[in-house]
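The figures that follow rest on heavy atoms only: side chains count, while hydrogens, waters and symmetry mates do not. For ligands, and for the atoms within them, numbers begin at 1 and follow the listed sequence. Numbering starts at 1 and runs along the sequence shown.
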Amino acid sequence: MRRTLSVLALGALTFLVLPASCLRPGRPIVPTSVPPAAPAPHDGAVASAEPVATETGLAILRNGGDAADAAVAVALALAVVHPQAGNLGGGGFAVIKRGEMVAALDFRETAPRSATESMYLDKEGEPIEDAATVGPLAAGVPGSPDGLFVLHQRYGRLPWRDVVSPALRLAREGFTVTPRLREALESYQETLARFPETAKVWLPDGAPPRAGTLLRLPELAATLEAYMKHGPDALKGGTAAAAIETASRAHGGVLTAADLAAYRPVWREPLRFSGFGWNVASMPLPSSGGLIVAQSLAMLERVRFDERPAGSADRDHLLVETWRRAFADRFLLGDPAHTRAGPGQLLSVDWIARRAADIDEAKATPSSQVSPWPGERLPQAAGAMKPAATTHLSIADGTGMVVSMTTTLNEWFGCGLYVAGAGFFLNDEMDDFVTAPGQPNLYGLVQGEANAVRPGARMLSSMSPVVAWRDGETVALGSRGGSRIPTATLQVLLNLIVNGDQLQQAVDRPRIHHQWLPDEIVAETDALSPGILADLQRRGHRVRTTGGLGEVIAVRVRPDGRCEAAADNRRNPGGAGVLAAGP
Ligand code: GLY
């Protein structure tokens, strides 16, 4: 695409400007003395959960930044204006594609070093209520400060301060509380009120700030300023780390400054696969999301999903049956160091063929008959799904780079503790581990021993940042929604690559979900016509209706370089923006 060469050259300069030595504690990141040669603005597309964050990303592209610069700026803006899920106190994953290069960045949280398998159980071995979801005992070691920094180091083009300063401005000068934020605060008010430091900022006078209020976050602004000057070391040592350790200890947590200092993000080999003629890349372990998307696509190809009529009960049935099997296999997964199976086994031709052959086109297979692996005993527990948080952003620039990034605090506002002196929420990601044997997690996921709590381990995720491409066309997409992330993402991908939908249409189509256990289809209220519902029930499916499933955020680059963006109209329309830089 246009200007590719100059962008690659500038990328190389960025490596020189931010050497690893900049990362030593207390050492300021010197603003680059090599200006980015006034890079020309280029086309681009930004989609996120919040229009203000999207505008931040567009401004970065307008100023000559690339998709990596914009992704970091949008993620940081979301940490300010979308504190439900945007974060510095959580983690995430990113898949980046530039030309032939595809990379996967893992900045997933880790279990603190003193974490144990029984830390959420009482003396009788029973789960302690809320221990893995509320309060800092539920918090994993945050990965976002390092993750965003190394993404910029490797692929960014603008000086670091330029990508941090928009979020700093939002925190310092204030932003308008949206109805969505107000509603989220109201729905979590009881949890937030348990922590005086949280209530002070988020429940002034005992209630959340009204929609339309201008809200300033001075402590977060101070943290962002230190982050801008010193990089992640500003949060992994010094006063911010001390504040996190103090707050954690005060509320029964085990997170220490030493845990923060020891955290490392990991560049991983992306999970690469194909489906219906498209190349696809997503996140490998410790996310199960990429594998679920990959296995489902492979099974759907085998059962000739594309030959069934769009919008038919046949297609819904096949989707559900492939998910049932992919989620059963998820039971074997965990941190790559402890997993009992990986892509080598679960995506092998033999295994996919065996799984697909077992699908009965006329009848639902009860989940009780779908074992995770030959000889594996089935778990007894059946989960109940609760609402889920997380947020996704998708960005394309005109230089041929796309970034698909999902970040999370797990639940809205993470563990509910807003750290005084640091100005951000800590996650409750520990609930993504198996915190009590046989007990489903927040998302109703029944998980196996590979995902037990182990010091330093990464908890199994479902986040599925996806990039797919064919014949010069590229899409980047992902979702929020816990266990619903891979199923929502896959449905939108299929709408695009099998049905040939427009981007917004693909995102807005009603969705369904199934995750092996509990053995039920969850369907958005308008997803199934009475005829299709009756057909699925006749095949033996149990169906429950629900509100929105996931929040898919996507961008697409057409072969001629035109960019498109789509935010999810079922959640927060207006988070999509396109930049056309002109001829
Ligand atoms: N915390 C949601 C996930 O990682 O799947």
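Listed by number with element, the atoms of ligand 1 under 4.0 angstrom from any heavy atom of Thr408 are 1 (N). The atoms of ligand 1 that sit less than 4.0 Å from any heavy atom of Tyr443 are 1 (N), 2 (C). In summary, the atoms of ligand 1 found under 4.0 Å from a heavy atom of Arg108, numbered by their order in the structure, are 4 (O). Counting the atoms of ligand 1 from 1 in the order shown, those under 4.0 Å from a heavy atom of Glu429 are 1 (N), 2 (C), 4 (O).
Judged purely by distance below 3.5 Å, without hydrogens or angles, the side chains of Ser144 and Asn87 pair a donor atom with an acceptor atom. Counting only N and O atoms by type, the side chains of Glu197 and His251 include a donor and acceptor under 3.5 Å apart.
Taking only non-hydrogen atoms, the option from Asn427, Asp431, Asp432 nearest to atom 2 (C) of ligand 1 is Asp432.
Classification of the Trp351-Trp373 ring pair by plane angle, with boundaries at 30° and 60°, yields tilted.
Neither the backbone nor the side chain of Met459 comes within 4.0 Å of ligand 1, counting heavy atoms alone. Heavy atoms of Arg480 found under 4.0 angstrom from ligand 1: none, in either backbone or side chain.
Cation-pi geometry between Arg154 and Trp267 is met: under 6.0 angstrom from the ring centre, within 45 degrees of the axis.
Scanning all protein heavy atoms for the shortest distance to atom 5 (O) of ligand 1 gives Ser462 N, 2.8 Å. Regarding atom 4 (O) of ligand 1, its nearest protein heavy-atom neighbour is Ser461 OG, 2.6 Å.
The shortest side-chain heavy-atom distance between Leu271 and Phe273 falls under the 4.5 Å cut-off. At a threshold of 4.5 Å between non-hydrogen side-chain atoms, the residues Thr408 and Arg108 count as touching.
Separating the CE atom in Met299 from the CZ atom in Arg324 is a distance of 11.5 Å, to the nearest 0.5 Å.
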